[in-house]
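Written out below as structure tokens is the structure these notes cover.
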Amino acid sequence: MANYKITLLKGDGIGPEIVNQAVKVLDKAAEKFDFTVEYDEALLGGCAIDATGVPLPEETVAKCKASDSVILGAVGGPKWDNQPGNNRPEAGLLGIRGALGLFANLRPSVIFGPLKSASPIKDEIIGDNMDIMIVRELTGGIYFGERGRDDDSAWDTEKYSVAEVERIARVAFDMAMKRNKKLTSVDKANVLESSRLWRQTVINVSKDYPEVELNHMYVDNCAMQLVRNPKQFDVIVTSNIFGDILSDEASMIAGSIGMLASASLSGGKLGLYEPIHGSAPDIAGKGIANPLATILSVAMMLRYSLAQPEAAEAIEAAVAKVLETDRTPDIYEEGLNKVSCEEMGDLVCAQL
Ligand SMILES: NC(=O)C1=CN([C@@H]2O[C@H](COP(=O)(O)OP(=O)(O)OC[C@H]3O[C@@H](n4cnc5c(N)ncnc54)[C@H](O)[C@@H]3O)[C@@H](O)[C@H]2O)C=CC1
Ligand SMILES: CC(C)CC(=O)C(=O)O
Ligand SMILES: [Mg+2]
């Protein structure tokens, strides 16, 4: 029987609440699909600063590296907003992504049928099966570039090498080949030199994928097109910062940021799985956070890192079924049952 070692980075704010639900669902899937899971917890973010003085203790990196996969809640919150930039909770998150070489971030924006009416976008614009895969470069660009500050100015640098763009472009083209063979590369090549290198490199890589229809779009237009006509997109490949922003926008088409899962991959088996949202300090501790983005991240982990596709599909099907009747407040609609974070976890387990 397969046994998997999973490191939990619960983090801050709603992180522990949502990860606890995801663990429950993973345990249920293990029972049903005949595998076992061993958990270890490690500190990341504000809770790590409180306990050790730094957002990413070395022990956390070592534990993650020694595991089959990592589940992360979220980090950050007002308590740590006055930390120096390189010691903020978010710096810990960037640090673990860098330390594990997680250069490819997959952020699927999928609408679950019952949620169509929860989306602020009109039904006819969303269509019947909106399914966009955002492939975000995760260990380069402005979040990792040289930064600094002097008396009256501050700077952050957007820098990409050909090799960095090539490897993320290949992930995106491979993904497009498995889907509808359509790839939109999003950049700001009308202004940024780094985007011009990005675009040229994507064009060069496209020669190895003649079956994929490639188009290019400026990021400002893409932000608008996502709302105007999301059906035009299959796979989107873009830089770290643009992917961060566009995926939050895409989440609302799917009904709520509490629904969007992600996989951060390195090319090897080890992956880090987290919701795309943050630590939501405004609702932390109230028991009302939507745990489905984290639960769906577990499904991605089962698919991409643990080779348990049936278990992944079963979790996704269970989520779809529960959404017909039960909703956390962020996706609540009149006439349905309003449930807490914990109840939502229990309902997905029961459905499984
Ligand atoms: N991956 C991570 O750990 C991330 C951490 N952050 C950090 O999180 C903190 C809060 O950042 P915000 O900009 O407020 O973004 P956020 O994503 O935490 O929250 C934005 C809004 O969405 C709501 N929301 C988020 N997740 C939800 C869920 N599961 N269920 C229901 N509602 C949900 C929140 O209540 C809030 O109104 C900051 O410290 C930020 O740096 C932000 C984004 C990603
Ligand atoms: C908090 C940042 C480091 C990242 C972020 O917003 C994200 O990855 O979605
Ligand atoms: Mg973000």
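Note that ligands are numbered from 1 as they come in the structure, with each ligand's atoms numbered from 1 the same way.
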Looking at every heavy atom in both [X] and [Y], which two are closest together, and how far apart are they?
X: Y209; Y: V205; result: CD1-O, 3.5 Å
X: I236; Y: C222; result: CD1-SG, 4.3 Å
X: F233; Y: Q225; result: CZ-CB, 3.8 Å
X: G258; Y: D330; result: CA-OD2, 4.1 Å

4.0 Å protein heavy-atom contact status of [atom], strictly under:
atom: atom 32 (N) of ligand 1; result: yes
atom: atom 8 (O) of ligand 1; result: yes
atom: atom 20 (C) of ligand 1; result: no
atom: atom 11 (O) of ligand 1; result: no

Exam field: side chain [X] to backbone [Y], donor-acceptor pair closer than 3.5 Å:
X: T52; Y: I49; answer: no
X: E17; Y: G285; answer: yes
X: K188; Y: F242; answer: no
X: S266; Y: G101; answer: no

How far is [atom] from its nearest protein heavy atom, and which residue and atom is that?
atom: atom 4 (C) of ligand 2; value: R97 NH1, 3.7 Å
atom: atom 14 (O) of ligand 1; value: P281 CD, 4.5 Å
atom: atom 25 (C) of ligand 1; value: I257 CG2, 3.6 Å
atom: atom 2 (C) of ligand 1; value: L93 CD2, 3.5 Å
atom: atom 3 (C) of ligand 2; value: L94 CD2, 3.8 Å
atom: atom 36 (C) of ligand 1; value: D282 OD2, 3.4 Å
atom: atom 1 (C) of ligand 2; value: E90 CG, 3.7 Å
atom: atom 44 (C) of ligand 1; value: G278 CA, 3.5 Å

Is it the side chain, the backbone, both or neither of [X] that has a heavy atom closer than 4.0 Å to ligand 2?
X: D248; result: neither
X: R107; result: side chain
X: E274; result: neither

Using distance alone, decide if ligand 1 has a nitrogen or oxygen within less than 3.5 Å of any nitrogen or oxygen in [X].
X: V75; result: yes
X: D81; result: no
X: E274; result: yes
X: I14; result: no
X: S279; result: yes
X: A280; result: yes
X: G73; result: no

*asked:* Between D68 and K5, does any side-chain N to carboxylate O distance fall below 4.0 Å?
replied: no
*E213 with K181: basic N within carboxylate O range, under 4.0 Å*: no
*With a 4.0 Å cut-off on heavy atoms, is A293 touching ligand 1?*
no
*Specify which N/O/S atom of D244 comes nearest to the Mg ion (ligand 3), by atom name.*
OD1
*Give a yes/no verdict on a cation-pi contact between R167 and F103, requiring under 6.0 Å between NZ or CZ and the six-membered ring centre and an angle within 45° of the axis.*
yes
*Could you say whether the N/O atoms of R136 and ligand 2 ever approach to under 3.5 Å?*
yes
_Tell me whether D244 has any N or O atom under 3.5 angstrom from an N or O of ligand 2._
yes
*When you look at NZ of K269, are more than 12 heavy atoms from neighbouring residues, nucleotides or ligands closer to it than 6.0 Å?*
no
*Are more than 12 heavy atoms from other residues, nucleotides or ligands located less than 6.0 Å from atom NZ of K24?*
yes
_Is a donor from one side chain sitting under 3.5 angstrom from an acceptor on the other, for Y39 and D27?_
yes
*Should one rank K79, M252, E90 by closest heavy-atom distance to atom 41 (O) of ligand 1, which comes out on top?*
E90
*When you measure from atom 29 (N) of ligand 1 to each heavy atom in N290, T328, D330, which option holds the nearest one?*
N290
*asked:* Does only the side chain of S256 get under 4.0 Å from ligand 1, or the backbone, or both, or neither? Count heavy atoms.
replied: neither
*Just wondering, is there an N, O or S atom on D248 that's nearer than 2.8 Å to the Mg ion (ligand 3)?*
no
